[in-house]
Amino acid sequence: MGLALALTSCGGGGGDEKPDGKASSKPGAAPSSPGMNGASPSVEPTQVLAQMKGEKDVTVTLNEAVRDSGGFVTVKGSLTNNGTSAFSATYWMGQETAVQRSGPSVAGAVLVDEAGKKRYYVLRDTEGKCLCTMGLTLIKPGETRPIFAQFPAPPAATTEVEFQLPTMPPAKITLSEG
């Protein structure tokens, strides 16, 4: 329990907000925290680990699941609205009351280690906001937005996990070393 609290307090601010309160326009912008390696994210994804297609013709493509030396796993990808009306990720923020302060986001995402029989939830900063993409509202038809979520890392022997996002089918992804 103490380790979980220590990990959740590692994050900085909300991650994808600038000091003026507006969302960052930098694709895949991850929060700056002591556990991050400081490398800038790639502009173009180089691989597709998994793709999930859900209701309202929304597609989530996962491009990266990187374990870093600080004990974290960062999952990056994109959300595309292939539907005919605007999409807001209100069902993806999770049921936990504390996480709901992140608003429409991927705060409800979970990594499942089936072999180790454990679930890993999105980390939170000291204000209770997720270390993930927030502000996923009114995504227009045809629009694609970058997403990310940061989790505690499963044991080093675990190389494959299942990524789950509410209302979407689960997807198996392979973790890589950062």
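FYI, side chains are in, hydrogens and waters are out, and symmetry mates aren't considered; it's all heavy atoms of this structure.
Separating the CE atom in M52 from the CG atom in L79 is a distance of 9.5 Å, to the nearest 0.5 Å. In this structure, OG1 on T74 lies 9.0 Å from CG on L131, to the nearest 0.5 angstrom. In this structure, OG1 on T59 lies 5.5 Å from NZ on K53, to the nearest 0.5 angstrom. Remark: K76 NZ to L49 CG distance equals 12.5 Å, nearest 0.5 Å. Within the model, atoms CG of L138 and CD of E143 stand 9.5 Å from one another, a figure rounded to the nearest 0.5 Å. Atoms CZ and CD, from R124 and Q150 in turn, are 14.0 Å apart once rounded to the nearest 0.5 Å.
The shortest side-chain heavy-atom distance between V161 and P154 falls under the 4.5 Å cut-off. F151 places a side-chain heavy atom less than 4.5 Å from the side chain of V122. For the pair T133/P146, no side-chain contact is recorded, criterion being any heavy-atom separation below 4.5 Å from C-beta on. Within the 4.5 Å cutoff, side-chain heavy atoms of L123 are placed close to those of F72. Considering only heavy atoms from C-beta on, V75 comes within 4.5 Å of L111 through its side chain.
Pairing each heavy atom of C130 with each of A107, the nearest pair is CB-CB, 3.7 Å. R67 and L175 make their closest contact through NH2-CD1, 3.3 Å (heavy atoms, listed as atom of the first residue, atom of the second, distance). Taking every heavy atom of both residues into account, E177 and V66 meet most closely at C-CG1, 4.0 Å. Heavy-atom minimum distance, I173 versus A50: CG2-CB, 3.9 Å. Here the shortest heavy-atom pairing between I147 and S78 reads CG1-N, 3.8 Å. Residue P155 comes nearest to Y120 through the heavy atom pair CD-OH, 3.5 Å, listed as atom of the first residue, atom of the second, then distance.
Atom NZ of K118 sits in a sparse spot, with 12 or fewer heavy atoms from other residues, nucleotides or ligands closer than 6.0 Å.
No side-chain donor-acceptor contact under 3.5 Å links N82 to the backbone of V58.
For K140, there are no side chain to side chain donor-acceptor pair (under 3.5 Å) partners, not counting sequence neighbours.
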